[in-house]
Amino acid sequence: MADPELRREIHEGLQVVENWNSANHDLFDGKDGDLTGADRKSQEISMLALHLLQAALAHVNTLGRSPARSRR
């Protein structure tokens, strides 16, 4: 890849994914970062809760960066 801008964009995207993976591991730290449960339903509920938490964090992050927020 000769285009430095494309390389930078790809690197930034990979960093975002790595940051999410790190957060996921930290949230499930007591379980060594694994989704555990007695059955598939328990694992699914854990994953859905994690997804909801990720969406909430992304929303809060978006609110913190909005132009309307900075005018207050």
Side-chain angles (χ1 to χ4, degrees):
M1 285 194 275
D3 185 10
E5 184 60 34
L6 179 59
R7 274 187 298 188
R8 188 173 16 263
E9 186 176 334
I10 290 170
H11 180 71
E12 288 172 1
L14 290 173
Q15 286 299 106
V16 168
V17 171
E18 286 300 318
N19 287 339
W20 275 118
N21 287 340
S22 177
N24 292 346
H25 187 271
D26 289 344
L27 292 170
F28 282 95
D29 187 48
K31 298 177 168 97
D32 292 328
D34 294 330
L35 290 172
T36 60
D39 56 8
R40 182 181 171 122
K41 190 75 167 174
S42 295
Q43 292 176 354
E44 183 179 1
I45 290 171
S46 292
M47 185 153 51
L48 290 170
L50 177 62
H51 182 72
L52 180 61
L53 183 57
Q54 286 176 333
L57 289 170
H59 180 68
V60 167
N61 191 33
T62 302
L63 290 176
R65 295 174 186 240
S66 72
R69 182 97 169 145
S70 62
R71 283 183 270 172
R72 291 183 187 177

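We count residues from 1, following the sequence as given.
- Counting heavy atoms of neighbouring residues, nucleotides and ligands inside a 6.0 Å radius, atom CD of Q43 exceeds 12 of them.
- In the hydrophobic clustering of this structure, L52 does not group with V60; members are Ile, Leu, Val, Met, Phe, Trp, Tyr whose side-chain heavy atoms approach within less than 4.5 Å, directly or through other members.
- Between the side chains of N19 and S22, no donor-acceptor pair is found at a separation under 3.5 Å.
- Side-chain heavy atoms closer than 4.5 Å link hydrophobic residues (I, L, V, M, F, W, Y) into clusters, and following such links, possibly through other members, connects M47 to L53.
- Atoms CD and NE2, from E18 and H11 in turn, are 10.0 Å apart once rounded to the nearest 0.5 Å.
- Annotation: the span from I10 atom CD1 to L14 atom CG amounts to 7.5 Å, rounded to 0.5 Å.
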